[in-house]
Amino acid sequence: MKSNDPHLRLLPAPLLRQGMTTPSAMRDVILALLPAVIAGTWFFGLKALLVLAASIAGAMAVEWAFTPIEKRRNAIGDNSALLTGLLLGMTLPPALPLWMAFVGGMTAIGLGKVIWGGLGTNLFNPALLGRAFLLGTFPIAMTTWSAPGVGFFDLPSSLLALPFQSPVYDAVAAATPLGLMKFEQKGSDFLNLLIGNTGGSLGETSGLLLILGGLYLWWRRDLDWRIPVAIALAAVIFSSALYLADSAKYPGPLFTLFSGGFLLGAIYMATDPVTSPLTPRGAWIFGLGAGLLVVLIRVFGGFPEGMMYAILLMNAATPLIDRYTQPRVFGRGGETK
Amino acid sequence: MSLLGSLFQRSFRHGVHPEGHKEATVDLPIQRVPFVQRYVMPMGQHIGVPAKAVVKVGQALRRGQMIAEAGGFMSTALHSPVTGKVVGIGPYRHQDGSFKPAIEIEADPYATQRIEPQPPKDWEAMTMPEFVAEVQQAGIVGMGGAAFPAHVKYSIPDTQHIDDVLVNGAECEPYLTNDHRLMMERPAALIRGTEILLRKLGAKRAIIGVEDNKPDAIEILRRHLGSRSNISVVTLPMKYPQGAEKMLIRAVYDREVPAGQLPRDLGILVNNVGTVVAIADWFDTGMPLIERVVTVSGPGAAYPANLIVPLGTPVREVLRFCGGLKDETREVVMGGPMMGAPTASLDVPVLKGTSGILAFTEAETRTGTEYPCIRCGRCLEACPYFLNPSRFARLARARLFDEMKGFHLMDCVECGSCTFACPSNIPIVQLIRTAKNNLRSRPNEK
Amino acid sequence: MKQKELDGYQEFVKGIWRENPVFVQVLGMCPMLAVTNSAMNAVVMGVATFFVLVASSFMISSLQHWIPRQVRISLYIVIIATFVTLADYTILATLPAAHKQLGAFIPLIVVNCMILGRQEAFASRFPVKYAVLDAVGMAGGFLFAMLALGSVREILGTGTLFDIPLFGKGFEPWVTMILPPGGFLTLGLILLFFNWVTKKRGEFLQQVATEREGL
Amino acid sequence: MDNLIWIFVSALLVNNFVLAYFLGLCPFLGVSGRLETSLRLGMATTFVMVITAICAWFLNTYVLIHAPYLRLISFIVVIASTVQFIEMAIKKLSPALFKALGIYLPLITTNCAILGLAIFATNRGYGFLEGLTFALGAGAGFTLALILMAGIREEIEKTKDVPDLVQGTAMNLIVAGILSMAFMGFAGLFSAG
Amino acid sequence: MSDNQTKEPGSATLILSMVLAGLISGVAIIGVFEATLPTITLNKAKELREAVFKVLPGVSKMQKLRFANGRLQVVEDNKVGEDVIYAGYDAEGKFIGYAVPSEGPGFQDTISLLYGYLPDQRKMVGMEILDSRETPGLGDKIFKDLEFVANFKDLSVDPTIVAVKKGKKAKPNEIDAITGATISSKAVVRIMNVARERWEKRLPPPGNEPELKL
């Protein structure tokens, strides 16, 4: 026995922790998104990557500026601003002026997070809030999509518009599969939808890779599988019913699942733990509600894409859902609350 | 989920799966720690009223002699772990850092420390109150860690009847193997103790619940049970906190003990394997509770071991016997890593409830950066009581303790599953403890 | 009722900043947000409110001794509604384009809690002179707030102010600003700014005070 | 029928009284602190809206056609007396309901959403059924916005995470802005052919 | 109300004061109403005339018609509604076409519009948005985008008007929708189609239009 004892700490139990931490969860999500980002860059070229960078820069800048100095290391280190910027960037049109993407990133973090008190306190998904703001603010720029498969290093002049200046589009805009469906009742080739060779934003095109990323997250236990499953379930049921009623007018369930931002939203955004219900039952309600709203807005509403609004609306209802879906406490029979 | 669960596995819902870390000690037979010079026996080694000393300073003691009697119904007796003499009665350092009344005993270096076996007690002839008094006399408490006086559980009101005796061999805390070894090495005593309880309580059957990470113990028990039909062994999947009474009942019987009620309200009596063995020892050999099996383990322990330790032995001496601590040791925990309490000093004694002495190093005790709660819901999925730890932590931070009460704060048993599961390193259990203490310390409230 | 010492200047000034009905008391929100999508609309609405508040304050203060307490609220509403109707028809006759824009919101001046609140809290208790000064101050503060909000929203939302282009042709308007969310967000941010100024001012005064003590 | 559905959905979601027309902001910002209160106020308001819509239709059809200049005054009087009358009636008929709604009824008199409803219904020349549908939609929309807001506010006020500088009305307005932004998603609902 | 120090006035006083207030306010309101009515009526009429003249080129006189009891009648009141239509005539009093007001749901809120229709050629010759709350910068192009408005200057109504993607206009009954505001464009088309259908059976055969009364 040594003469003097080691200096003992008095950390309370439990001493053991499971391996995952908040930053590592965020990192996992970013990793899961990377294949889709790479594929998107392949289809849309360098410009998509620049848009992504601008939105991440905007998000990180605001996060950095509004975090008290002593907390900055943590706030930047927890990867959450990076993830928000990335998710936002993946929903933007590839030829969006960079300054708009930057403003979007700033709004996402500023309005979506800082004002609420930082990570974990916000009730709305920051990335989607940033996108909703951009869509409301710059409706034309946000709905001008470019076609995939142009030269990799082509930088359209709209991309480099000066701050506060309107972009000038030099290429003919391409419609997204959803736009084609909404305004011209035209379907799109399913294979293209699957691999992502369609018009749209960087992250919403390649359904296959998004699903793969989602499976990775599920395997890593980083995501509540109930939410995407519930969203898909509700959307498939609702759209199948409509499709059976009038297949010429309404899109089928497969189209609904693989077009637009459905997968990106269902797998990566609706599952944001901060803004989705805590309880498993709540997660089901949240998912089913979002799935119904997506189809409602897509089919009967004014916008071709409803994923963003569906999730934001369900975010708004999350406190209520959480309140009424508290689990039944062990040993307390039918008593709820 | 619940349907599948009940079809394929017998377990409770929620809970966590910490790494077992039992391999270090699982195959080590129980060794006896030699007697040392000094012993400290605190008066309050159990839940309830402390015992009352019946010896004086300077008085000579025989090993096994009663040194303190029960201080009330919720109290049990204490016995001297060694032959020696009383050298002091007064406040001694307790493992929580405070000073509590205790009896200090100096061992007689020349004594044999042998207890003459006494004839088996005729427990079958005893009335129930006599039996309860005997158990109290023997100083037997729940050996799983909580140290709840055992006789209290046996005093069943007339209106109730125990149908089932459930022996808790789950040992769900990581690192600990003391119950495991006990089942391996003393299966006969375990079955004997179960038999006594069955007969005295008039119960129909007994089940020994063991987690499936102890296949050897299950096999040995089954072999010893032979063709007995009233005692059986049930295999449970590994899960924490399966060893908690109510969770074990949920796992074995698929029944929930209603909040605020006790297992006996369902006609079930739950005892730890250590407790049952102690019962057998007392009634068969007259050996009171003066020693117990302790697992010494953890990354900081030089030579992990399973030991029989006389109560009152200072932790330092126990560790010395098995090679001491490694230099990297940063924390020593009494009990399991999930619910045990850290000790600030190695001079504190081993108590009736000390199931393990675990030494941890830098790697386990590093305070990870605490991140804000991202409401991921992992704590909800971990909580075996279906509480909402995330909300408790938030409310506790905002000091809204009264509101927490409305969400059944007091149902929490502080098993630590939520904190284990939290990816943001939030000390949820600590916050809950603070809130509970705050609520309890308020005057004029029940 | 005890008459406190009144200072006409103070009664006038308080409404502009210290007790600004919008920024500080958060009254009269409905017209505030609904019609401030352009500076012009904001001014028309502000002036109409100004007229109604000042006129009804004058009226009620003059009649305060004849108004029975039991029916005072009903009488106030009748008086206010009369002036609002007057304003409504006048605007319809003289500025039909603005009336089309403001639509239903002019009649809604009636239920602007600021107006009724001033009658109940001030005009019915104090002499005419002060009542009018108070009303002018409050309405001025309201007008100022409307103008501020309307200008911000119009400048960002269309790149113009009173329909005069400010930034040249290339400016990309921030459409949200003139839509409903922009109203909420802009006012929220202005209030945030107000809080910040108040806090900084408090800190500054504190600092000055401690420095003085130090000397 | 299509028209009625559109009127209802429009008042409920697309042109939500609170989030798109800024009507009824005082109770929206003032009362939305607690969920229970909000729900009750919302229901009381919906009730008064329906009664007002019916009265306004009668006034429009039989009285105001001869004297349009009395519109504002008569509406105000109708609303005030309706509220008063309902208050008395509920007190008599259902003391339990009165206990639940009682203190909110006077608040409704000064709720511009009610007057706004009457004026909008008149301006758009709604008939009886249309007016009724409009009132139901507007009331449901008001209630919806109110309880969503209340849920959010209870959450943020409980946890006290929002920075001091933003706490209070500023935060409430920003949350309302975000809600309003989310409701923009309903634009064009059921109107696109 | 709980102020007990002031003497309770009798209900007669209360009623008297209310009546007095009502009287005074009534007088004031009627005064202003009477004073402003001519201007307001004039403004409205002027606005309407301008709109009608805009959608029916070459028109210099107009009169209001109402469909009642199975036929069109000339009326001169202020009432509007689904049964009202305006007939336009040239300087010599020769009938040119109808200006049809209509409204319906748009992207945000109700859109109300007026279009000019030549029954003999079955053609639309102009469209004017009277009131709308469409999104600024996007939906409001239905009246700000002159290219879009020009679509309606020569538009066949047979079999029905159809909005197609911008630049795809090929048939005389098609219009180019506004890029990014497809919903608003389609809403306008729908409102017009609904109104056209409603009036299809009500209008007298070409050549039998009501004569201009002066």
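Below, read A as the first sequence line, B as the second, and so on, with proteins coming before strands; counting in each chain starts at 1. These numbers come from a predicted model, not from an experiment.
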*Asks:* For chain E, which of C:Thr94, C:Thr90, C:Leu86, C:Leu63 has the most heavy-atom pairs under 4.5 Å?
*Replies:* C:Leu86
*Asks:* If I take atom OG from residue E:Ser25 and atom CG from residue C:Leu75, how far apart are they, to the nearest 0.5 angstrom?
*Replies:* 10.0 Å
*Asks:* Under 4.5 Å heavy-atom distance to chain E, tell me which part of C:Leu179 shows up: side chain, backbone, both or neither.
*Replies:* side chain
*Asks:* For E:Thr39, which atoms come within 4.5 Å of any heavy atom of chain C: side chain, backbone, both, or neither?
*Replies:* side chain
*Asks:* May I ask you to check whether over 12 heavy atoms, not counting those of C:Phe58, lie within 6.0 Å of atom CZ?
*Replies:* no
*Asks:* What part of E:Leu20 lies closer than 4.5 angstrom to a heavy atom of chain C: side chain, backbone, both or neither?
*Replies:* neither
*Asks:* Is the CZ atom of C:Phe162 crowded by more than 12 outside heavy atoms at less than 6.0 Å?
*Replies:* yes
*Asks:* Highest number of heavy-atom pairs under 4.5 Å with chain E: which of C:Thr158, C:Leu92, C:Val78?
*Replies:* C:Leu92
*Asks:* Under a 4.5 Å heavy-atom cutoff, which of C:Asn37, C:Thr82, C:Thr85, C:Ile79 has the most pairs with chain E?
*Replies:* C:Thr82
*Asks:* Would you give the length of the straight line joining atom NE2 of C:His99 to atom CG of E:Asn43, rounded to the nearest 0.5 angstrom?
*Replies:* 11.0 Å
*Asks:* Take a 6.0 Å sphere around CD of E:Gln73 and say whether it holds more than 12 heavy atoms from other residues, nucleotides or ligands.
*Replies:* yes
*Asks:* CG of E:Leu130 to NZ of C:Lys100: how many Å apart, nearest 0.5 Å?
*Replies:* 6.5 Å
*Asks:* Answer with side chain, backbone, both or neither: which region of C:Ile178 has an atom nearer than 4.5 Å to a non-hydrogen atom of chain E?
*Replies:* side chain
